[in-house]
Amino acid sequence: MKTIFEEGKEVPIIHSSDVVVLGGGPVGISAAVSAAKMGADVTLIEQYGYLGGQATGGWVILLCGLTDGRKQIIRGFCQEVINELQAMNAASLVPEGVVFEPEAMKYLFDQLATKNSIKIYFHTLATSMIRNRKQAEYVITESKSGRNVIKGRIFIDTTGDGDSAEWCNIPYEKLDRDKLLPVTLTFRLGNVNVEKAKEFFKENPKRIKDLIQVNDSNIDVNLQYGWLATLNKSEIWFDAFFIKNIDVTDVEDLTYAEIKGREIVRKIVDAVKSLSGFEDSYLEDTAPQIGCRESRRIIGEYALRKEDFWDKSFEDSIARARNMFSKEYESISIPYRCLIPKGVDNILFAGRCISVSHEVLDLVREIPCCMATGQAAGTAAALAIKHGVNPGDVNIKELQENLIAQKVIL
Ligand SMILES: Cc1cc2nc3c(=O)[nH]c(=O)nc-3n(C[C@H](O)[C@H](O)[C@H](O)COP(=O)(O)OP(=O)(O)OC[C@H]3O[C@@H](n4cnc5c(N)ncnc54)[C@H](O)[C@@H]3O)c2cc1C
């Protein structure tokens, strides 16, 4: 590849904080609020103009994995969010989990950030970091205000993609694109006769399965199961197809997926009009951002693998995830060490980029579990600030006591 030389220049340090959170998804806001509630001064950087990541911008409107099938395994910040949404009539319990209204969640997260004095930079992309030996010192940002620097004492990477691992040479795993989990563009149809549609889907599984033909081996359509009635009258949400072979850290792949996604949505929208309940339906909107399931996973102080599940309960547990591998062990614990990278002492990772194997990712990447790792990272960062230590040296007992006080289930 040809290159050019970009001349160096002075970049203004526009802000400085105890804790700087990169990425304002469900994990970022969980980490930011948890750190702020413990007294830390917190800054949050988000590339879009709202908080919530996939939950609000990818319209992943279903909170899954709150229970192990019998008892609740995630509470803490996630439960507080559910309670607040329910108070706004914007969340409801369904057999699959808790369905919520994404606009209400955006508003709620704005309020939580404001109430907890979190300094937000919207429309700001974090693009790199400057480190001094084993300490990250600055994050470089790009926005309409140009290139700027934010200084931090502790950074929490909740970008989903673990971007700072790339910038700081932190070891990570990213599979070849043909092995990565697929991406999806979700969408909503309005003016659906929901009761008739539900009945039709139940009675005609074969017809639904054969409805869409896409002659592309990289695309799987899953119309039978990939839909849900939302909280809005006459509205159905679809998470109904997978695009494979996409590396979401490659901008050309991302661009292709957005365009391909809208093409498939169009096919589905046209095809379902022939089905009972959908005769007068129309496409309300596609999600503002493509839905990404997997990219970088750091190789941290501990990497959680499938083999761990058969006998382990970790002493440094900071959250739980449901165990889909075994009927006997209903949930597993997530060690704090999965959040701690190798090579840099003052960054924590939370959300889908933590240190787990590809097989285990499916267990920890659901929003409630991701939020729980964010809560642990935020709490740990605040304790590290309080005691003047690095996150890896935080006293585990003190961290766990604080999490339990926040009603987290370990
Ligand atoms: C199609 C699909 C369906 C799913 N279904 C479910 C489901 O039904 N139930 C469930 O519980 N989970 C589901 N999931 C999983 C869940 O949505 C994600 O794993 C979860 O949102 C991960 O949270 P996160 O905060 O780590 O990442 P994200 O939600 O991706 O948030 C990352 C945030 O960081 C921001 N960001 C990234 N890089 C930068 C940067 N360099 N600078 C500034 N900002 C940045 C992004 O804009 C985003 O706001 C689904 C996921 C997908 C894609």
Side-chain angles (χ1 to χ4, degrees), residues 20-32 43-66 74 78 82 94 96-100 102 105-106 109 120-129 139-143 150 155-167 180-187 222 225-228 237-243 246 248-249 254 257 261 287-297 321-322 339 349-354 361-374 377:
V20 178
V21 180
L22 311 178
V27 186
I29 183 68
S30 171
T43 296
L44 194 157
I45 301 168
E46 167 55 44
Q47 64 177 325
Y48 296 119
Y50 50 84
L51 298 170
Q54 287 298 328
T56 57
W59 289 337
V60 176
I61 57 167
L62 182 66
L63 300 171
C64 293
L66 284 155
I74 312 271
C78 184
I82 294 169
V94 293
E96 300 89 346
V98 172
V99 64
F100 61 89
M105 188 181 267
K106 275 187 198 169
F109 286 170
I120 301 181
Y121 285 94
F122 276 146
H123 297 292
T124 302
L125 184 69
T127 56
S128 62
M129 268 174 147
V139 56
I140 313 270
T141 64
E142 298 273 357
S143 70
I150 295 171
F155 295 88
I156 305 178
D157 185 326
T158 55
T159 59
D161 297 321
D163 285 354
S164 67
E166 175 71 24
W167 304 327
L180 287 166
L181 293 174
V183 301
T184 297
L185 185 65
T186 65
F187 61 98
N222 168 32
Y225 307 109
W227 61 273
L228 193 74
W237 167 78
F238 284 90
D239 170 6
F241 61 88
F242 304 109
I243 309 178
I246 299 292
V248 299
T249 65
L254 267 182
Q289 60 195 78
I290 192 97
C292 309
R293 293 181 172 86
E294 180 182 16
S295 55
R296 302 184 191 97
R297 283 170 282 107
R322 63 177 165 170
L339 279 51
F349 288 75
R352 68 174 167 83
C353 53
I354 63 170
L361 179 63
D362 258 347
L363 277 61
V364 303
R365 70 177 184 84
E366 287 170 333
I367 296 168
C369 181
C370 279
M371 279 179 166
T373 60

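Residues take their numbers from the sequence shown, with the count starting at 1. As the structure lists them, so they are numbered: ligands from 1, and atoms in each ligand from 1.
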Any [X] heavy atom less than 4.0 Å to ligand 1:
| X | value |
| --- | --- |
| Cys369 | no |
| Thr158 | yes |
| Asp239 | yes |

What part of [X], side chain from CB on, backbone N/CA/C/O, both or neither, has a heavy atom under 4.0 Å from ligand 1?
| X | answer |
| --- | --- |
| Thr124 | backbone |
| Val60 | side chain |
| Asp163 | side chain |
| Cys292 | backbone |
| Thr127 | neither |

Ligand 1 atoms nearer than 4.0 angstrom to some heavy atom of Arg352 are 26 (O)
Polar contact flag for [X] and ligand 1 (N/O pairs, less than 3.5 Å):
| X | value |
| --- | --- |
| Glu46 | yes |
| Cys64 | yes |
| Thr184 | no |
| Gln289 | no |
| Leu125 | no |
| Gly160 | no |
| Arg365 | yes |

Heavy-atom nearest neighbour in the protein, as seen from atom 11 (O) of ligand 1, with distance rounded to 0.1 Å:
Ile367 N, 2.8 Å
Of the protein's non-hydrogen atoms, which lies at the shortest distance from atom 53 (C) of ligand 1, and what is that distance?
Gly291 C, 3.2 Å
Determine whether a donor-acceptor pair (N or O, by modelled atom type, separation under 3.5 Å) exists between the side chain of Arg352 and the backbone of Gly160.
yes
Side-chain (Ser30) to main-chain (Gly28) donor-acceptor, under 3.5 angstrom
no
Could you name the option among Glu96, Gln54, Arg293 that has the heavy atom nearest to atom 1 (C) of ligand 1?
Arg293
When you measure from atom 42 (N) of ligand 1 to each heavy atom in Gly65, Gly162, Ala126, which option holds the nearest one?
Ala126
Using distance only, find each side-chain donor-acceptor pair of residues 51-62 under 3.5 Å and give its atom names and separation, not counting sequence neighbours.
residue	atom	partner	partner atom	Å
Gln54	NE2	Ile290	O	3.2
Thr56	OG1	Leu51	O	2.8
Trp59	NE1	Thr56	O	3.4

Is it the case that Asp161 and Thr159 place a side-chain donor and acceptor less than 3.5 Å from each other?
no
In plain terms, say whether Arg293 and Asp362 are close enough for a salt bridge, that is, a side-chain N and a carboxylate O under 4.0 Å apart.
no
